[in-house]
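For reference, the structure discussed in these notes is given below.
Keep in mind that this is a model prediction, so the values were computed, not measured. By convention in this document, chain letters (A, B, ...) are assigned in the order of the sequence lines, proteins followed by strands, and residues within each chain are numbered from 1.
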Number of protein chains: 6
Amino acid sequence: MENVVSEKRTYREKMNELILEKGGKNIKRFFALDSRVYEAGALTVKNKELMGLVASTVLRCNDCIFYHLDQCHKNDVTDDELFEALSIALIVGGSITIPHLRFAMDMWEKLKT
Amino acid sequence: MENVVSEKRTYREKMNELILEKGGKNIKRFFALDSRVYEAGALTVKNKELMGLVASTVLRCNDCIFYHLDQCHKNDVTDDELFEALSIALIVGGSITIPHLRFAMDMWEKLKT
Amino acid sequence: MENVVSEKRTYREKMNELILEKGGKNIKRFFALDSRVYEAGALTVKNKELMGLVASTVLRCNDCIFYHLDQCHKNDVTDDELFEALSIALIVGGSITIPHLRFAMDMWEKLKT
Amino acid sequence: MENVVSEKRTYREKMNELILEKGGKNIKRFFALDSRVYEAGALTVKNKELMGLVASTVLRCNDCIFYHLDQCHKNDVTDDELFEALSIALIVGGSITIPHLRFAMDMWEKLKT
Amino acid sequence: MENVVSEKRTYREKMNELILEKGGKNIKRFFALDSRVYEAGALTVKNKELMGLVASTVLRCNDCIFYHLDQCHKNDVTDDELFEALSIALIVGGSITIPHLRFAMDMWEKLKT
Amino acid sequence: MENVVSEKRTYREKMNELILEKGGKNIKRFFALDSRVYEAGALTVKNKELMGLVASTVLRCNDCIFYHLDQCHKNDVTDDELFEALSIALIVGGSITIPHLRFAMDMWEKLKT
C-alpha cells in the first residue's frame with residue numbers, strides 16, 4: 001500500500017531534478033515561484049494547500065492532487081476540512097471530477113496509515 | 001480481457017462506497033443527483049447516456065468514458081450510434097480527444113465480448 | 001431583443017466566409033467535416049444537435065451554445081428536452097457552467113419569440 | 001462604475017430565477033447544493049469563498065470570479081488575502097489566467113468603492 | 001476599427017500596472033518570467049509567438065490570442081504562417097475553437113490596416 | 001526502457017487501425033486532416049511539431065505529448081529547442097502542466113537512447 005505513496009514521491013523528485021538540471025533558467029525560476037506561493041502569509045499554509053488541492057481537483061490532475069494531499073496531511077488537515085474542500089471542488093467542477101475524488105479518497109487513506 | 005472491465009467496475013464501486021460513507025452530506029446529494037439526470041424523461045436513457053459519453057469525451061476523462069460506454073452497452077446502443085456520437089465529440093473536441101477514442105474503441109470491443 | 005440573435009448569426013456568417021476565403025484548404029476541410037457530423041444517420045439531427053449543445057456547455061463556449069440552440073430550435077426541440085440535456089451538462093460540468101445556463105436560457109427565450 | 005457591479009448582480013438574479021422556474025427539479029437541486037457547500041463548517045465561509053475564487057480563476061470564468069469576489073468582499077477578505085489566493089491561481093493555472101486577474105483587479109476595486 | 005485594437009492595448013496595460021503595483025512579489029515575478037520565455041534563443045521570437053498563439057487558441061482565451069496576434073504582427077508573421085499555425089490549433093482543439101478563429105481573423109485584419 | 005516507447009507506438013497504431021476500420025467516414029476524414037496540418041508549408045515540420053507539442057502540453061495529454069516528442073525527435077529537434085518550447089507551455093499552462101513536463105522529460109531521454 002504505502003508503496004504507491006513512496007513510488008509517487010520518488011518519481012516526482014527524480015524527474016524534477018532532471019528538469020531542473022536540463023530544462024534551463026526559466027523553468028527553474030518557475031519551480032522556485034511554485035514553492036513560494038504556498039508559504040505562510042496572510043493565509044495559512046493549510047488553507048493554501050487546500051486551495052492548491054481544490055484547483056488541482058477542478059483541473060483534474062491526479063499527480064497534483066496527490067502532491068497537495070501529501071502537503072495537507074503533513075499540515076494536519078482533518079477529514080472534515082478535506083471533504084469540505086473536496087465538496088467545493090465537486091460542485092464547481094461537476095461529476096467529471098468524481099474519478100479524482102475516488103483517487104483522492106484512496107490516497108488519503110494510504111497517507112493516513 | 002474482461003478483467004479490465006470488471007476491475008474498473010469493482011474499483012469504482014468500492015471507492016464510491018467509501019466516499020459516500022466518509023465524504024459528508026453534500027457529496028452524497030451530488031451523487032444522487034448524478035444518477036437522476038440520466039433517468040428516462042423527455043429524452044430516452046440511451047440518448048442521455050450518449051450525451052454523457054460525448055461530454056466525457058470532449059472533457060477527456062477515461063473513467064467517465066468507460067462508465068457511459070458500459071451504460072450504452074446495457075442500453076443496446078449500436079456500433080453506428082456509438083461512432084456517430086463519438087464523431088461529434090471528435091469534431092467538437094479535436095485531435096486531443098483521439099487517445100480517448102482509442103480507449104473507447106478498446107473498451108467497447110471488450111464490453112461486447 | 002431579436003437583434004442579438006440576428007447580430008450573432010450575421011457576425012458568424014461574415015467571419016466564416018472570411019476564414020473560408022483566406023484560411024487555406026485544411027480549415028476549409030475541417031468546416032465541411034463540422035457540418036457532416038450533425039447530419040441524420042443512426043442518430044437523429046435533433047439528438048445530434050443536443051449532443052453538440054451538451055458538449056458546448058461543458059466546454060463553456062457561448063458562441064457554440066448559441067449555434068446549437070439555434071439548430072435545436074429549428075429542429076423543434078421542446079423545453080423539456082432542452083432542459084434535460086442542459087441538466088446533464090450541468091451535472092457533468094458543475095457550477096462553472098451556470099453562467100452558460102443563464103446565457104442559454106436568455107437566448108432560448110429570444111429564439112422562441 | 002458601480003453600475004457594472006449592480007448590472008452583473010441583477011442579470012444573474014433575473015436569469016437564475018428564470019432557470020429555477022423553468023429548468024426542472026434537477027437543476028433546482030443543484031442550485032441548492034451549490035449554496036450549501038460554501039456554508040460555514042470545519043472551514044470558514046471566508047476560506048471557502050477564496051477556494052471558490054481560486055477554482056473559478058483556474059477554470060477561467062469571469063462571472064464566477066465576480067460572484068466569489070462579491071462574496072469575499074462581503075466576508076471582509078483583505079487585499080493581502082485576496083492576492084495570495086490569486087497568486088496560487090496564477091501559478092497553478094498559468095499566464096492564460098492573467099486576463100482574469102485583470103478582470104478580478106478591476107472588479108475588486110469597484111466592489112471596494 | 002483601430003479603436004478596438006488600441007482599447008484592448010490600453011486596458012491591458014492599465015490593469016497590468018495595477019496588478020504589478022498591488023498584487024505582491026510573486027505575481028510580479030511571474031509577469032517577468034512571462035516575458036522572458038518569448039525572448040529569442042534556440043527558437044526565434046516569431047516562432048515562439050506563434051507557439052503562444054497556438055496555446056492561447058486551444059485554451060480558448062481571446063485576450064491572449066489578441067496579445068500574441070499583436071506580437072506576431074510586429075514580428076512580420078505572414079498570412080500563410082498565421083493560418084498554418086491556426087490550422088494546427090483548430091485540428092488539435094476542435095470546432096470549439098472556431099469562435100476564436102473568427103475573433104483572430106477579425107483582429108488580424110484590424111492589425112494589418 | 002525502450003519498451004515503453006515501442007509499446008506506446010504499437011498500441012497507438014493498432015487502435016488507430018481499428019478506429020479507421022470501424023469508426024466511419026467522418027472519423028477517417030478527420031484523421032487524414034490531422035496528418036496534413038503538420039506537413040511542411042510556410043512553417044517547417046519541426047516548428048509545426050513543436051507547436052503540436054506546446055498545444056498538447058497546455059491541454060495536458062500525455063499520449064499526444066509522446067506522439068509529438070517522437071516526431072520532434074525524428075525531425076532533429078535539439079534539447080534547447082525542446083526546452084524553450086516546453087518553457088512556453090509551462091508559463092502559459094501553469095504548474096498543472098508540471099506532471100506532463102516530467103513525463104516529457106522521461107520520454108525524451110528514452111527516445112534519445
Just so I know, are the side chains of E:R9 and E:F66 near enough to count as touching, which here means a heavy-atom distance under 4.5 Å? yes
Looking at chain F, which one of E:G41, E:A42, E:S56 has the largest number of heavy-atom pairs inside 4.5 Å, strictly under? E:A42
Closer than 4.0 angstrom, basic N to acidic O: yes or no for F:D106 and F:R102? no
To the nearest 0.5 Å, how far apart are CG in F:D76 and NZ in F:K46? 8.5 Å
Less than 4.5 Å to any heavy atom of chain F: does that hold for the side chain of E:V58, its backbone, both, or neither? both
NZ/E:K112 to CG/E:L69 distance, rounded to the nearest 0.5 angstrom? 11.0 Å
Nearest 0.5 Å please: distance from the CG atom of E:N3 over to the NZ atom of E:K110. 10.0 Å
Heavy-atom distance under 4.5 Å between the side chains of F:E49 and F:K74, does that happen here? no
Can you tell me how far apart SG (F:C64) and CG (F:L59) are? Round to the nearest 0.5 Å. 8.0 Å
Looking at OG1 of F:T57 and CG of F:N62, how far apart are the two atoms once the value is rounded to the nearest 0.5 Å? 9.0 Å
Roughly how far apart are E:T44 OG1 and F:N47 CG, rounded to 0.5 Å? 6.5 Å
Sort by residue number and list every residue of residues 16-39 of chain E having at least one heavy atom under 4.5 Å from chain F. E:F30, E:L33, E:D34, E:V37, E:Y38
Could you tell me which residues in residues 79-89 of chain E have at least one non-hydrogen atom under 4.5 Å from a non-hydrogen atom of chain F, sorted by residue number? E:D80, E:E81, E:E84, E:A85, E:S87, E:I88
